[in-house]
Amino acid sequence: MSSYVKMAWRNIWRNKRRTLITTASVFFGVILSVFMGSMQEGSYSQYISAIVNSYSGYLQIHQKGYWADKEINNSFEYNPIIESKIADIKEITIFTPRLETFCLASSADVTKGVMVMGVDPPKEDKITNISGKLKEGSYLKKGDNGIIVGSRLARFLKLGINDTLVLIGQGVHGASAAGKYPVRGIIKHPSPELDRSLVCMDIQACQELFSAPGILTSLVIMVHDNEEVALSRNNLIHSFSEMEVMDWKEMNQLLLKQIDSDRASGVIIKGILYIIIAFGIIGTVIMIMAERKKEFGVMLSIGMHRFQLIIVVLLETIFIGMVGVVAGIIASIPILYYFLFNPIPFTGQAEEMMLQMGFEPAMYFSMMPSIFYEQALIIFIFTLLIGIYPLVNIQKLIIIHALRS
Amino acid sequence: MNIIEIKGVTKIYDKNTIPVHALNGIDLTFQEGEFASIVGPSGSGKTTLLNILGGLDDATDGVVLIDGVDLTALSGAKKTTFRKNKIGFVFQSFNLIPVLTVQENIEFIMQLQGIAREDREKRTAELLEAIGLSDRKNSRPNKLSGGQQQRVAVARALASKPKFILADEPTANLDSKSAENLLDIMGKLNREENITFIFSTHDLRVMNKAKRIITIEDGKVISDVVKEEIHNLI
Ligand SMILES: Nc1ncnc2c1ncn2[C@@H]1O[C@H](COP(=O)(O)OP(=O)(O)OP(=O)(O)O)[C@@H](O)[C@H]1O
Ligand SMILES: [Mg+2]
């Protein structure tokens, strides 16, 4: 085998210029494709982490059926048993209780439906970093009787710091709920939806308002990273068989669908790119077959089997593709590594758009290994397909014709 | 025993369109140790005959027995293996594999035969010695003169210890001095190691080095002269 490899390797360098040109096309194609993939995946993980770290968390526990019907009566009583069961799962780093419901909010002369979220201020802050999103004012303290509102909601209701907001709604079992709350802070929430509707308050104040002492709608649970989600989800399902355990994927299906369709559009562009590259390789292989006919005839005459010759030429085809792939990957790693830590900032309109959507206005990159080996795999498969040409050609080669050529 | 025995061999190219009768009933036998040349005008069928003897092409009709084996009965892969083990080939040009060194070229068939490395190297060294190119063993073919390349081709053909060597106009691309030199080496191998050579040629001087001269014309043998006695006298 090693002698086939040696022959194939030397053969591709017989025509240095041609091999370099073909290799260069693969090289630049790979770099382009790696960059595209890296930026796509980088922005997806930015979206995902924005949503995971600003609202859903990695995992949540609810009363069964809550996610489909977010209603305050679909809630559960929080107790030390639940707490200790969660504490037993070692992957879990932090968890926090929430009571979420909808009600009406009125300021001086405007009324609007809002989402009220009762939270444990210090714990919640560790997960969703609300204090970091403050535009004005200050964050809630434990037992606070004030509220934090989204910036667009504040604008709509014409609220400033220390203004009072009236909340009117329905508590558990149809009890009526009403209260007045001073605005402590205004946040810019990355989700436009929440920025338009979020009212955040201390969980105890929230439970009082909705006549729901000790009642939660959700427990938000964090693990170290995405890798631990599946395992922890299973553990949670095991411990809380009576309840609804959801991971961030289940809770953010819409976003994931959008990401998938975006990926699909990337596939089309990459596909076109690869087809162009493939034609370069095909051209080279066709030329190799034409100009080496006589040599092949000699090799078959003196006793080389057709399959042995096919192996050599197939290796050449693979080498021509893979040299470019390897070089492209090696060249793109340091560049991507740089951009991984130095995202490209957006300016002007793009910056505004990103800010409006609640994302950091920068192009993020990813160095997910699949971005790299995907290229290698695709080119490898392409070269195997291209290899069909020499395979058929050598199989059909008539020795005496080859010798006469 | 005859290492080659052919009877009533005909070859018709393009049978279904415009047929070309390249060989018209050839009977020939060759024994071990022959040094035979096939001569004849261009288009007389020399290459066609050698291709059939070498199992590179099939006769349209007739019997071809090589080392007692009926070549027409062998499948493609078996025929390849047969060629690899029994027949050595030297072609007119572009004989050598350009990406392999002289040494690697000579070892190539032995490698295909699965001969162990030490044995290969030992035999290669002997052959390099015999063709007088030991000092060029690490050169690529394109660094050698045409004559040197043909000597390497002879060494490569010998490496697999074939029953005989077929050479189709081995000197056609060589100057007369190189041609003579190549023939001298072939002749020496024939005399000292009893290697069988069958070669075609146009060249009178090359022809005269042969011990047997077979002349064909229009695909027929018109004369077959053995000069053994004359050679022995010299
Ligand atoms: N593959 C082929 N297809 C059709 N005709 C062929 C083929 N090979 C040879 N011929 C014809 O067969 C005849 C004999 O050709 P061959 O090559 O055997 O002659 P040759 O004696 O080797 O000639 P030269 O001295 O020019 O090499 C010629 O008429 C040639 O044109
Ligand atoms: Mg000829």
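Residue numbering restarts at 1 for every chain, and letters A, B, ... go by the order of the sequence lines. None of the values given here were measured: they were computed from a predicted structure.
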What closest approach, in Å, do A:G303 and B:K84 show between heavy atoms, and which atom pair accounts for it?
-> O-CD, 3.4 Å
Might you point out which heavy atoms bring B:L100 and A:M7 nearest each other, and give the distance in Å?
-> CD2-CG, 3.6 Å
More than 12 heavy atoms from other groups under 6.0 Å of CD on A:E291 | yes
For chain B, which of A:K294, A:R14, A:K6 has the most heavy-atom pairs under 4.5 Å?
-> A:R14
Any side-chain heavy-atom pair from A:F307 and B:T80 closer than 4.5 angstrom?
-> no
What part of A:I398 gets closer than 4.5 Å to chain B, counting heavy atoms only: side chain, backbone, both or neither?
-> neither
Among B:E104, B:Q113, B:K79, single out the residue with the greatest number of heavy-atom pairs under 4.5 Å to chain A.
-> B:E104
Side chain / backbone / both / neither for B:I97 at chain A, heavy atoms under 4.5 Å | side chain
Counting only heavy atoms closer than 4.5 Å, note whether B:Q111 contacts chain A via side chain, backbone, both or neither.
-> side chain
Can you establish whether the number of heavy atoms outside B:D218 located under 6.0 Å from its atom CG is more than 12?
-> no
Measure distances from B:Q92 to the heavy atoms of chain A and classify the residue's part below 4.5 Å as side chain, backbone, both or neither.
-> neither
Side chain, backbone, both or neither: which part of B:I109 has a heavy atom under 4.5 Å from chain A?
-> side chain
Kindly compute the distance separating CD1 (A:I399) from CG (B:L56), expressed to the nearest 0.5 Å.
-> 5.5 Å
Donor-acceptor contact below 3.5 Å, side chain B:R83 vs main chain A:L300 | yes
Structural part of B:F108 lying under 4.5 Å from a heavy atom of chain A = side chain
Give, for atom CE of A:M299 and atom CG of B:L112, the distance between the pair rounded to the nearest 0.5 Å.
-> 8.5 Å
Any idea which heavy atoms bring A:S301 and B:F89 closest together, and the distance?
-> O-CE1, 3.3 Å
Considering only heavy atoms, which portion of A:I302 lies under 4.5 Å from any heavy atom of chain B: side chain, backbone, both, or neither?
-> both
Contacting moiety of B:S160, where chain A heavy atoms sit under 4.5 Å | neither
Kindly compute the distance separating OG1 (B:T47) from CZ (A:R404), expressed to the nearest 0.5 Å.
-> 8.0 Å
